[in-house]
Amino acid sequence: MLCFSNCSLGEMEESCSTAPPDKDKAGKTHFRIIRFIMEAGVKLGMQSIPIATACTVYHKFFHETALDAYDPYLVAMSAIYLAGKVEEQHLRTRDIINVCHRYLNPGSDPLEVDTKFWELRDSIVQCELLMLRLLQFRVSFIHPHKYLLHYLVSLKNWMNRHSWERTPIATASWALLRDSYHGDICLRYEAQHIAVAVLYFALQCYGVDVPGNESAETQWWKVFSEDITKETIDSIVSELIHIYTMDTEIP
């Protein structure tokens, strides 16, 4: 059941000192919650950028506080609500509550507008205020999406048309970028570097070589982002592989 303690914002912030849970267990919990955010976001008609913002807000919140201090599903609902405001795709709390309730209770009827509903709505709003205070109102982010779009267009013009059309490089790159939000990659790497890394990984997955790259003085990925290193790309790819490994371990 989704619930939030009836304490003041000050008391909520004091509970941030709670000891963190096991890292691996926390990682799997965050994976499930991000999957929840993404699926709920799709059902709410959210676009990719607002969903990415909701995921980033969620990760950033739990970088500032302990996982066991708050109900992560409630934090996720508030992150969705807040992301809608930040990205100007406003959502009604009633719609968020109904979609999330249906997700957590498949086959159930929408919640009645009763005391329980209003308590949950108030909890979402209170949690949103806490998140804003804890994150010091820094909830606007630069996402990799615009960079990836630019890189894909450039690479498409760069490569052989037949080679590009026979492999779903673009589709794979967007899928890798979406899945990267299951971890906290979005907080620890620059947006441009993430975009380059997912494109690099997609090319590697399909065994596609960029024409002229071997004889070029500058690697293709260095052309897209001058300050990126091969070590950074390998690190991001390694974390993506870990995310997919985790996916096989979570029901």
Problem - Hydrophobic cluster membership, Ile49 vs Ile80, 4.5 Å side-chain cutoff - result: no
Exercise for the section: Give a yes or no on whether the backbone of Val153 and the side-chain of Asn157 come within a donor-acceptor separation of less than 3.5 Å. Expected result: yes
Practice task
Kindly indicate whether the side chain of His59, heavy atoms from C-beta on, has any atom under 4.5 Å from the side chain of Ile34.
Solution key: yes
Exercise for the section: Evaluate the side-chain proximity of Val42 to Glu39: yes if any heavy-atom separation is below 4.5 Å, no if none is. Expected result: no
Handout entry: Where Phe61 and Met131 come nearest, the two heavy atoms and their spacing
Key = CD1-CG, 3.7 Å
Handout entry: Heavy-atom donor-acceptor pair, Gln89 side chain to Gln47 backbone, under 3.5 Å
Key = yes
Problem - Aromatic centroids of His30 and Tyr58 separated by under 6.0 Å - result: yes
Practice task
Measure the shortest side-chain to side-chain distance between Val86 and Phe141 over non-hydrogen atoms and say whether it is less than 4.5 angstrom.
Solution key: no
Practice task
Classify the ring geometry between Phe36 and Tyr73 as parallel (under 30°), tilted (30 to 60°) or perpendicular (over 60°).
Solution key: perpendicular
Exercise for the section: Considering non-hydrogen atoms only, spot the tightest contact between Ser123 and Ser78 and give its length. Expected result: O-OG, 4.5 Å
Exercise for the section: State plainly whether one hydrophobic cluster holds both Leu187 and Phe62, where clusters connect Ile, Leu, Val, Met, Phe, Trp and Tyr through side-chain heavy atoms under 4.5 angstrom apart. Expected result: no
Practice task
State whether Phe117 and Arg94 meet the cation-pi test: NZ (Lys) or CZ (Arg) under 6.0 Å from the six-membered ring centroid, and within 45° of the perpendicular axis.
Solution key: yes
Problem - Flag if over 12 foreign heavy atoms under 6.0 Å of CD, Glu112 - result: no
Exercise for the section: Run the numbers on Asp95 and Leu44 for side-chain contact (heavy atoms from CB on, under 4.5 Å), then give the verdict. Expected result: CA-CA 7 Å; Asp95 293 334; Leu44 286 163; 3.9 Å; yes
Practice task
Mind listing the closest non-hydrogen atom pair of Val198 and Ala195 along with its distance?
Solution key: CG2-O, 3.2 Å
Problem - Non-hydrogen side-chain atoms of Ile194 and Tyr147 separated by less than 4.5 Å - result: no
Practice task
Apply side-chain contact (heavy atoms from CB on, under 4.5 Å) to the pair Gln126 and Leu130, showing each step before the final yes or no.
Solution key: CA-CA 6 Å; Gln126 288 295 310; Leu130 169 64; over 6 Å; no
Practice task
Mind listing the closest non-hydrogen atom pair of Thr245 and Thr248 along with its distance?
Solution key: O-OG1, 2.5 Å
Problem - Test item: Glu128 and Lys85 side chains (from C-beta on) under 4.5 Å apart, heavy atoms - result: yes
Exercise for the section: Please assess Ser235 against Tyr189 for the test side-chain contact (heavy atoms from CB on, under 4.5 Å), listing each intermediate value before the final yes or no. Expected result: CA-CA 10 Å; Ser235 179; Tyr189 298 94; 2.5 Å; yes
Problem - Atom pair OG/CD of Ser180 and Glu239 - distance to nearest 0.5 Å - result: 10.0 Å
Exercise for the section: Evaluate the side-chain proximity of Glu226 to Lys222: yes if any heavy-atom separation is below 4.5 Å, no if none is. Expected result: no
Problem - Shortest non-hydrogen separation from Val196 to Ser225 and the atoms involved - result: CG2-CB, 4.1 Å
Exercise for the section: Could you tell me which non-hydrogen atom of His143 sits nearest to which non-hydrogen atom of Glu87, and how far apart they are? Expected result: NE2-OE2, 4.4 Å
